Every structure is written in C-alpha cells, then in structure tokens.
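To keep things clear, I will list the structure first and then write my remarks on it.
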Amino acid sequence: MTAMEREAGSAEGDHAAGRFGIAAKRRGAHDERIAEAGWLTRLLRRPEAGAAGGLIAALVIFAFLPGAKALYSLQGSMTFLTLSAELGIIATAAALLIIAGEFDLSVGSMIGFAGVVIGLTVRELGFPLWGGVLSAFAVAIVVGWFNGLIVVKTRLPSFIVTLASLFILRGLSIGITRTVTGRTQIPYILDGVPDPWTAEIFNGHILGGLFRWMGSQGWIDTRSDGLPFVPGIPMSIVWCIGVAIVAGWILTNTRFGNWIYASGGDADVARNVGVPVARVKILLFIGTACAATLLACIQVMEAGSADTLRGTLKEFEAIIAAVIGGVLLTGGYGTVIGAVLGALIFGFVQMGIFYTGIDTDWFKVFLGAMILIAVLVNNYIRAKALGERTAG
Amino acid sequence: MTEVPAIELKGVSKHFGSVIALRDIDIKVHPGEVHCLLGDNGAGKSTLIKILSGVHRPTHGQILVDGVPVSFRSPRDAAEYGVATVFQDLGMIPLMSISRNFFLGREPLKGIFPFTRFDKEKANTVSRQAMADIGIDIRDPTQAVGTLSGGERQSVAIARAIHFGAKVLILDEPTSALGVHQAAMVLKFVIEARLRGLAVIFISHNIHHAYPVGDVFTLLNRGRRAGTFRKSEITRDEVVAIMSGGEDLKAVEAEIDALLASIHQNEAARPSA
C-alpha cells in the first residue's frame, strides 16, 4: 500500500472510491507534485508586486542623483504626493473599470467639462460653489451612465465608444464656453462666492495645527513669518486616500467587487450565473466620470479658474497608472493598491526628473518604457498566478 | 416508471430561421437516473442543452419540471427551478479563486448596510466542505481556478450545482477535454450525484464514457430522436452503430480500404531503390 493510497483511505468521501475502485489522482491534502508556495512566492504573486518593486527601485535610484535632497524634503515629497494623489483618484476609478473589462477614454475630457460646468454655473448662473459642484457631479453621472449604456447595449468596444465621448466632451467644453463667455477660460470663479468653505473641502489642508507646531519647534522649514512652507496635508491626498480605501474595500470585500472581477473575467459566465454585468459596468462608467469630476473640483478650487483644455491626456495617465500597478488590460485581474502604487511611481518620477535637473523631455521616454515593462511584468505575474506551466 | 420525472421535454422543436435544429424531442429523466444524450456532431446536442439550461427557448413544445410546465428565461432562472448546467467551457472564471467562483452570483453576505460585505470566511469553508462532500479535497479554496486541472474544474462546477440544491444536473461533454484518469474522476462524481437522487443528463459523443454510468440512452441524429433505450435493451456496439448512422460508417470504411489498397498498389509498382 503506497502512502498515497493510505492517505486516500483516510480522506473524507472514501466510500465512493471504495465502491467504484477509483481513487482521485489528487485526493488528500497534499499532492507530492505541488511544491509548497512560500510567503515570498505568495507575495510576488500579488498583482501589485511589480509596482511595489518599481516604486522602491525608483526611490533608491533617485536618491543617488543630484537634487535628491530637494526631492526628498518635506516640500518635495508633498509636491510629488499631491501630483500622485490627483492621478490616483482617477487611476483608482479607471482600475475598477478595467478590471470589469472596459476602458474609459473620456476621463480627461470629463475633467475639463466638469470644470466648465462649475465655472459656468457659478459665474454665469450665480450658483453658490456647492451648487456648481453638485451640478458637475450630476452631469458626470449622466455622462458616465450614457457611456456605459451605449457600451452594454451595443456591445461595441468601450475603446471606440469613449473615444467618441472624448471628442464630444472636449468639443462641448470649448464650444459652450466660447459661446457663453467668448473665451476658452473661466477665471475668478472663487471671487465673491457665498460659500468659500466649499473650496476648502477640495483645496484646503488638514493637520494645519500640527504642521504649525512642528514649524515652531524648528522640525520643519518655515518662512520668514514663522509659518511652515508646507501648511498641512493637502485635501487632494486626503481625497485620494479616501477614494482608494472605499474602492479597495468594495473590490475585495463586497459582493459588488466579486461581480467586478467576474464581469471582466468572463462576462458570459458571469451573466449565466446571474451577475448583472450591464449594471456593474454602467455603475463603473459613472464611477470614472465622477472621479474625473472630483479631480476637476480640486483643480478648479486650486486655480480659481476653469480651463477648457484641462485634463488633456489624463485618461492615458490613469490607464498607465493602473497598468503599471498590475491591472490586467484584458480585465478580470488587478487591485486598487496597485493602481495607487502606479500613480505614486508616475508622480514620483515626474517630479524626480524635474528636481534632479534631467531634461523633462525624457519623462515621455521613461513613460513609454515603463508601460512596456509593466505589461510584460503583468503578463508574467498573471501566468504565475494561474500556475501556467507553459509560460515558464 | 410511474413516478413524476424530474424533468421532461414534450415535443420540443427549435428552429433557427430556416434551419430546424431540433424536431419533436421527447425526453423523461427521473430522479436517481443518469440519462445519456448521445449523438454525433450536428445531431442537435448543443441546441438541446441550451434549451434545457435556459439559454434558448424552444420554438414548439414544453419543458416540465416535476410535472409542472415551466419557461426558463435564463440559466440563472433554470437554476432557480433546480436545473443546473455544467457547461462545456466550464462556466468558471480562471482568474478568480475557487471560493469566489463557487459563490459567484450567490455570495453569502454579512454585516449591516452600508457595511454589508462578502463573507469570505464562510465562502471558503463552505466551498471546501462542499467539495469534500463529493470526495475531493482542495488544497486552498483561495487559489485561482485557472491553476486547477480540467477534471478538478469540472468537479468544482458539479460540487457547486449539488451544493445549491440542483435536482437536475446537466453535464455538457464533461469528459471530452480530459485525460483517462481525470475523466474517470468526473464519471465518479456523476455516479455520486445519481446516488444522491439527482436526475443527471449526460451529454456526450464518447460512448466509452457514457455507457458505464448511463441508465438510459437517448440517441440523437440530425435533430431527431433516433430512439431511447434502457441499458439492458442495448449494447455498446449497437449504440455506436446507431449514433454514427451505421451504414455511413461502413461506407467510410470501404472508402478508406479502397484508398489504402491503391496506395499499396502504387508502392508495389514503384521499383525499390
């Protein structure tokens, strides 16, 4: 009697094997052909493993370059973290949508359009700021719903459908703004509004007291008037963390999250077992449009103006951040943490190149190389996750 | 048999435009019985399974579950009536874990709104237990389904159907893509399901897999029912003969013989170097 047979004898459901004289090949808790996966292997199998490694590598490499001191200072860090946070907001929403198997190329145009909606409703219609913000979100919900509806009803590739939205929204932004104001920018949005506190929600800082105290203790750099250079943690970072926590929780811990993975993994299978795939996708399209609008709010409150060209190419940055973070372009696989790490790499390297005095033209070269490497690494990690024997 | 069939088709036909894929099919499947649907390619097996599982609606005829006429709007709807289908392409999502696949569309929840969440611990323990119940021990319910072998994936799908209270289990070519050992493993689960009192419909074109586990055989040929036989009434060879349309096969054999003979002649005629 071999060890395997003995093991089989003790296993549950043994009666069937006894009756039919068939022992399942893989009966028993342990198959001698399967090597135990160690914690390191398990860690490397995480979708965001590549991005985490990439971020650490970038942090180390830039530390040896000239200008690293400014980059790693509190001010420098806050600058790249803000940049990453703004990207992280849309990258998170884009990641959920990509995991569900669709793209939204209209994110960048939606940023511009939402800004225009805020600007026009506040400046031209005399809305309070909060009214402008709510209007922008209402428009975003309609745009996202429309994108999603067309994609699920026609079954056309979302790439094409949202490419159309990209141009329509950008054209509408410029057309409407020029018709109403005669210009392509809407300045002085924050001047004389009844609710300046609304701007604080998107462009303020938290922990201001702590930073002032640290300044008074001489721990962080202060200006000549004694106030610290960095007045606190910008709200964009707070929003990004909030969005990432909520999105990450939904994706991994809720039924809806299970449906997101299933919709992107195999929509037909998901539909067969009763997953409302159309509803999942439409909601996620609304999610990306709303994330774009949140970013638009932050930018409008920061600049005090809306620009019809704002957000140009942001859709690609969002997708790139998600892909660098290990989200599979074909859907069904990825994490929110990955997308946030992707945004961090993006922001860090962009600022790093600026601070270290490397010609910023090279950022695009880096970006292209990064995408290629990320996609290759993703493919490899996915093959590992599936334990594909052929993919090596 | 006098008891009510678990599922019954009465005069079911299916037309796709001018193509009549199925014509006048009558099938009764009783609880605790394995009913094999056999037929060559194009016999109408796939269409029939899609009608049984709720993907297509019949053009004519009726489906009865426990003697009650029903109309399935979707595979999910059919599953609500206790008719569960394990599709040939397995109905599983390779990149998702076993337990997530197991509970897909029927996720156990815990917590109070708005913090209602997917009960992963329960999903893991229940899916592991359900698999153990039919005699497979999975190493780790959180591993991706894509890491499982074809036979293991089939068994997850079967365990899922049994766990969610299927009365009728439809298996679409469950062994066609599998090796000998894995096919044997799946056949074992078919018998296991029958012993639990499920009515099993087993679709196959492989008589060597179907014959050992089947109780009743319905043969399909070009969209028609070519006969229904109990196991005692028919031998394996007879089934093969009817399935392939007997004479057809003889004609093919004769052609091959003629071809071989001519090749042989040519070789004999050629002077050896």
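Residue numbering restarts at 1 for every chain, and letters A, B, ... go by the order of the sequence lines. It should be emphasised that the depicted structure is a prediction, and the values quoted were computed from it without experimental measurement.
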So which heavy atom on [X] is nearest to which on [Y], and how close?
X	Y	result
A:Ala270	B:Leu104	CA-CD2, 4.4 Å
A:Tyr261	B:Arg100	CD1-NH1, 4.2 Å
A:Gly265	B:Ile93	CA-CG2, 3.6 Å

Counting only N and O atoms by type, is there a donor-acceptor contact under 3.5 Å from the side chain of B:Arg76 to the main-chain atoms of A:Val273? yes
If only atom types and distance count, is the side chain of B:Lys120 paired as donor or acceptor with the main-chain N or O of A:Thr254 below 3.5 Å? no
Under 4.5 Å from any heavy atom of chain A, what part of [X] do you find: side chain, backbone, both or neither?
X	result
B:Pro114	backbone
B:Ser74	neither
B:Asn101	neither
B:Leu109	side chain

Please walk me through it: do A:Leu328 and B:Leu95 pass side chain to side chain contact (heavy atoms under 4.5 Å, CB included)? CA-CA 11 Å; A:Leu328 207 59; B:Leu95 281 164; 3.9 Å; yes
Atom CG in A:Asn258, atom OG in B:Ser97: separation rounded to 0.5 Å? 7.5 Å
Should the heavy atoms of other residues, nucleotides or ligands under 6.0 Å from [atom1] of [X] be counted, would the total exceed 12?
X	atom1	answer
B:Arg236	CZ	yes
A:Phe159	CZ	no
B:Lys122	NZ	no

Passes side chain to side chain contact (heavy atoms under 4.5 Å, CB included), A:Trp249 versus B:Arg117? Steps please. CA-CA 9 Å; A:Trp249 187 77; B:Arg117 55 199 186 278; 4.0 Å; yes
A:Trp259 vs B:Glu107, test: side chain to side chain contact (heavy atoms under 4.5 Å, CB included). Steps then yes/no. CA-CA 10 Å; A:Trp259 291 353; B:Glu107 292 83 356; 3.0 Å; yes
